[in-house]
2 protein chains.
Amino acid sequence: MRKFLNVFKKCPLFFDVSDDDIITMLGCLKARTDIFDKNYTILSEESPAKYIGIVLSGSVQITQTDYYGNRSILGNLCEGELFAEAFACMQMASMPVSVVANEKSNIMFIDCNHILHTCQNGCPHHQQLIYNLMKVLALKTVMFQQKIEVISKRTTREKLLTYLTTCAKKNNRNSFKIPFNRQELADYLEVDRSGLSAQISKLRKEGVLECRGNYFNLL
Amino acid sequence: MRKFLNVFKKCPLFFDVSDDDIITMLGCLKARTDIFDKNYTILSEESPAKYIGIVLSGSVQITQTDYYGNRSILGNLCEGELFAEAFACMQMASMPVSVVANEKSNIMFIDCNHILHTCQNGCPHHQQLIYNLMKVLALKTVMFQQKIEVISKRTTREKLLTYLTTCAKKNNRNSFKIPFNRQELADYLEVDRSGLSAQISKLRKEGVLECRGNYFNLL
DNA sequence: TAAAGTATGTTGAAATTTCAACACATTGGA
DNA sequence: TCCAATGTGTTGAAATTTCAACATACTTTA
């Protein structure tokens, strides 16, 4: 287990827990690991959600298949990232997504109940673990809320301005860098890239903002 | 405190906790209550998030003011509902929203840290409380995720079909009732009501679905 | 350095949405 | 019973988006 310590250290679930405590706790938590080959389905839609997954090596893809059989990719997770944590906390009877190995991957599973119900051994950092898991969920909730606020706007222009002013607020200043290139920004705003570019040009001409690359300045 | 027991019983934070245990715990948690007059700002944007709020009587509005000073209403909360729980769990330095009393309202505040770090008294149901809070956050995460999946579609038609097929999946059958009237459905999908009505008619003519009121049947 | 690849901006046509206005049905009082 | 209020469906015009295709700048690497 120790060989993955560097991964645990960047996993938000183990934030502020010492190396030794991590190892001890993984025992208490009855964590188990598994290796999956490329394209293997780690968790399938419809299966009950019980375990939180952690990517120890490799990477996985979150996918979803709709009513008509069209598969869409919801995201990619790399080393240290968690999956299924919300579904596991809810004890959902059937997962709404599948998790598939992108490449040969080591995955760790922890029964969510073992995290939520503190063990008999009185692990000193069990509370921290609960605290961390709560933070992960809370952060996700807040991020989703912000995204909904942005993409619920009707036009590309409004979406863009809502996003940019949120950034300005966060940075406490009118000029800032965004963490996206144009295509990524379009994907985040859920709009067409070329239309987005056009709107940025227009806002620039109108004197509403300045922009060079991913650096923006609201006027 | 006992006079609000009927409210606590429908509050998800106290699910599966007995009346007596609720009262005992509220002491341990150092919960405090306050009365706010209509239009009073209970929590203001920019103030640090520390407490989870519970509406004991009356109702509150979640609002947000953008860069240009436009205020928008994000939601209404009634008796038994929680607010600011995600922000408090994250210990956000400044709230991204305000909470305003819609009418004269009794509000209870609980320091989030008191929930997350179990007390010395060994309250038997403290674990249940943590578990419940986690479920609240997890449920919200999942609901937001589903909403994003729906409204990230580009056209009204796609949004509607994505929503309806999700409902069908949940109900395990092709016919079901939705919890919205047309205007509410349009608000949820973030589209124009009349355009939504037009799309429903079109899908009906194409033989894709049947519908009477809020009852739908996918063909 | 040249070539290939990637990121971005521009454009016009087609598709779609929004918006406003109105028709019709249903509901709940007065 | 009648009236007002509410919910829903329809329509056409204006605004906006998407889509495809291409131009231009910047990067990477052979």
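Here is the naming used below: chain letters follow the sequence lines, and residue numbers restart at 1 for every chain.
- With B:Y51 as the aromatic partner, B:R32 meets the cation-pi criteria of under 6.0 angstrom to the ring centre and within 45 degrees of the ring axis.
- Nucleotide D:dC26 holds its P atom 15 Å from the CG atom of A:N214, rounded to whole Å.
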For nucleotides 9-13 of chain D, print each protein N/O atom paired with a nucleotide N/O atom at under 3.5 Å, atom names and distance only.
residue, atom, partner, partner atom, Å
D:dG9, OP2, B:R182, NE, 2.9
D:dG9, OP2, B:S197, OG, 2.9
D:dG9, N7, B:R193, NH1, 3.1
D:dG9, O6, B:R193, NH2, 3.1
D:dT10, OP2, B:S201, OG, 2.3

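- Classification of the A:F180-A:Y163 ring pair by plane angle, with boundaries at 30° and 60°, yields tilted.
- One interatomic measurement links the two molecules: CG of B:L189 to C1' of C:dT18, which rounds to 15 Å at whole-angstrom precision.
- In this model, the phosphate group of C:dT17 is approached by a side-chain N or O of B:Q199 to a distance below 4.0 Å at OP1 or OP2.
- Looking at the side chain of B:T155, the nearest of the listed nucleotides C:dT18, C:dA7, C:dT17 is C:dT17.
- Defined by atom type and a distance below 3.5 Å, a donor-acceptor pair is present between the side-chain atoms of B:N76 and B:N102.
- Taking the C1' atoms of five terminal pairs at each end of the helix from C:dT1-D:dA30 to C:dA30-D:dT1, the two resulting helix axes are inclined by 40°, rounded to 10°.
- Looking at heavy atoms from C-beta onward, A:I42 lies out of side-chain contact with A:S98 at the 4.5 angstrom threshold.
- Look at CZ on B:R154: it is 18 Å from C1' on C:dT18, rounded to the nearest Å.
- Donor-acceptor pairing under 3.5 Å is recorded for the side chains of A:S194 and A:D192.
- When every heavy atom of B:Y188 is checked against every heavy atom of B:I151, the shortest pair comes out as O-CG2, 3.6 Å.
- Rounded to an integer number of Å, the gap from A:E190 CD to C:dT16 P is 19 Å.
- Distance, B:L203 CG to C:dT16 P: 12 Å, rounded to whole Å.
- Heavy-atom nearest nucleotides on DNA chain C were determined for A:N181 and for B:D192, and the one closer to the 5' end corresponds to A:N181.
- The separation between B:E158 atom CD and C:dA15 atom P is 15 Å, rounded to whole Å.
- Straight-line distance from the CD atom of A:Q183 to the P atom of C:dT6: 13 Å, rounded to whole Å.
- Cation-pi check for A:K9 over A:F14 is not met; the charged atom does not lie both under 6.0 angstrom from the ring centroid and within 45 degrees of its normal.
- A straight line from CG of A:L196 to P of D:dC19 spans 14 Å, rounded to a whole angstrom.
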